[in-house]
Amino acid sequence: MGLAAFNACADAGALRAKYAELRDALRNNVYHRPIAIESAEAGDTLKGDVYAVLNHPYEALSKSLQDPADWCDIMILPFNTKYCHAVGNGNATTLAMRIGRKADQPVGEAYRIDFALKPVASGPDYFESRLTSGQGPVGTRDYRITVEAVQLDAKRTFMH
């Protein structure tokens, strides 16, 4: 087994352990949905984790997330996204985005942020991809977004 395969197995195991840890919180929470949210602020660093059980088969989710264009559908969630387009350049993919402060802000007035998309693992039981951006709007920096998922059963996926 190569190092990448070993790391994917270890990460799948860690994500399954997190699911076991959060099982009660996923069943009983203020959202009345299988979701758990953790966040922390330390100095000038913000960190958030969202865990959810999705009623979608792992295979379909993993296949969809291998298409860079589908990432724009995900990126409407954490930002007030005005524009998103996947741009391929050889082996590299960038999500060119514009994010705004308010719902009625025109795209031309929105802030530009480009995320490098890096697939990490895509196997029969574990998926992981990372988005990074060194610079963001109004002096923000060091954006890191990781999406990972494991199959729970034939119809459900646990995603972080």
Side-chain angles (χ1 to χ4, degrees), residues 1-42 45-99 103 113-133 136 140 142-160:
M1 176 183 299
L3 183 58
F6 176 78
N7 287 339
C9 289
D11 291 339
L15 190 55
R16 288 182 193 286
K18 189 66 175 182
Y19 171 72
E21 175 189 325
L22 292 174
R23 190 169 294 159
D24 288 337
L26 290 164
R27 287 186 188 140
N28 303 304
N29 59 59
V30 298
Y31 310 108
H32 304 288
R33 296 189 186 326
I35 189 168
I37 300 173
E38 302 171 351
S39 63
E41 181 178 354
T45 301
L46 301 173
K47 183 181 188 296
D49 290 286
V50 178
Y51 299 91
V53 175
L54 307 176
N55 290 323
H56 296 284
Y58 168 82
E59 185 177 319
L61 177 81
S62 175
K63 182 179 178 185
S64 177
L65 292 177
Q66 291 177 40
D67 182 351
D70 287 347
W71 279 89
C72 288
D73 293 335
I74 292 173
M75 295 308 289
I76 65 168
L77 300 173
F79 302 106
N80 190 0
T81 302
K82 306 294 183 182
Y83 171 85
C84 181
H85 184 73
V87 180
N89 185 5
N91 290 340
T93 300
T94 299
L95 293 184
M97 296 180 56
R98 295 274 183 173
I99 59 175
I113 185 168
D114 294 332
F115 285 97
L117 173 61
K118 180 183 178 194
V120 177
S122 182
D125 63 349
Y126 180 73
F127 174 89
E128 181 180 347
S129 278
R130 297 179 186 154
L131 294 165
T132 58
S133 182
T140 58
D142 298 329
Y143 285 78
R144 289 172 282 190
I145 300 171
T146 300
V147 174
E148 60 181 341
V150 292
Q151 180 176 340
L152 292 178
D153 56 39
K155 296 181 180 180
R156 297 179 313 137
T157 300
F158 181 58
M159 187 173 205
H160 170 224

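Residue numbers start at 1 and run along the sequence shown.
Within the model, atoms CG of L117 and OG1 of T94 stand 8.5 Å from one another, a figure rounded to the nearest 0.5 Å. A distance of 11.0 Å separates SG of C84 from CD1 of I99, quoted to the nearest 0.5 Å. Rounding to the nearest 0.5 angstrom, the gap separating the CZ atom in F158 from the CG atom in L54 is 9.5 Å. For the atom pair NE2 (H85) and OH (Y83), the distance works out to 5.0 Å, reported to the nearest 0.5 Å. Rounding to the nearest 0.5 angstrom, the gap separating the CD atom in Q151 from the CZ atom in R16 is 7.5 Å.
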Stepwise side chain to side chain contact (heavy atoms under 4.5 Å, CB included) test for E59 and K63: CA-CA 6 Å; E59 185 177 319; K63 182 179 178 185; 5.6 Å; no
Pair M159-L65, side chain to side chain contact (heavy atoms under 4.5 Å, CB included): steps then yes or no: CA-CA 12 Å; M159 187 173 205; L65 292 177; 3.7 Å; yes
Full working for side chain to side chain contact (heavy atoms under 4.5 Å, CB included) between T93 and W71: CA-CA 11 Å; T93 300; W71 279 89; over 6 Å; no
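Smallest separation of non-hydrogen atoms from L95 and C72: CD2-SG, 4.2 Å. The two atoms that bring N29 and L26 nearest to each other are ND2-O, 3.4 Å, heavy atoms only. Across every non-hydrogen atom of S129 and P119, the tightest pair is OG-CA, 3.4 Å. Taking each heavy atom of D114 and M97 in turn, the nearest pair found is OD1-N, 3.8 Å. Closest heavy-atom contact between F127 and S62: CD1-OG, 3.7 Å. What you find for G123 and Y58 is that their closest heavy atoms are O-OH, 2.7 Å.
Proximity of E41 to L46: side-chain heavy atoms (C-beta onward) are separated by under 4.5 Å at one or more points. Using a 4.5 Å cut-off on side-chain heavy atoms (C-beta onward), V150 and Y19 make no contact. Contact check for R156 versus N55: side-chain heavy atoms found under the 4.5 Å cut-off.
Ionic pairing of K18 and E38 is present here: one or more N-O contacts between side-chain nitrogen and carboxylate oxygen are shorter than 4.0 angstrom. Look at D142 and R144 and you find no salt bridge, because none of the NZ, NE, NH1 or NH2 atoms lies under 4.0 Å from a carboxylate O.
The backbone N or O of V53 sits nowhere less than 3.5 Å from a side-chain atom of R33 that would complete a donor-acceptor pair.
Of the N and O atoms on the side chains of S64 and D70, at least one donor lies less than 3.5 Å from an acceptor on the other residue.
The aromatic rings of F115 and Y143 lie perpendicular to each other, with more than 60° between the two planes, well past the 30° mark.
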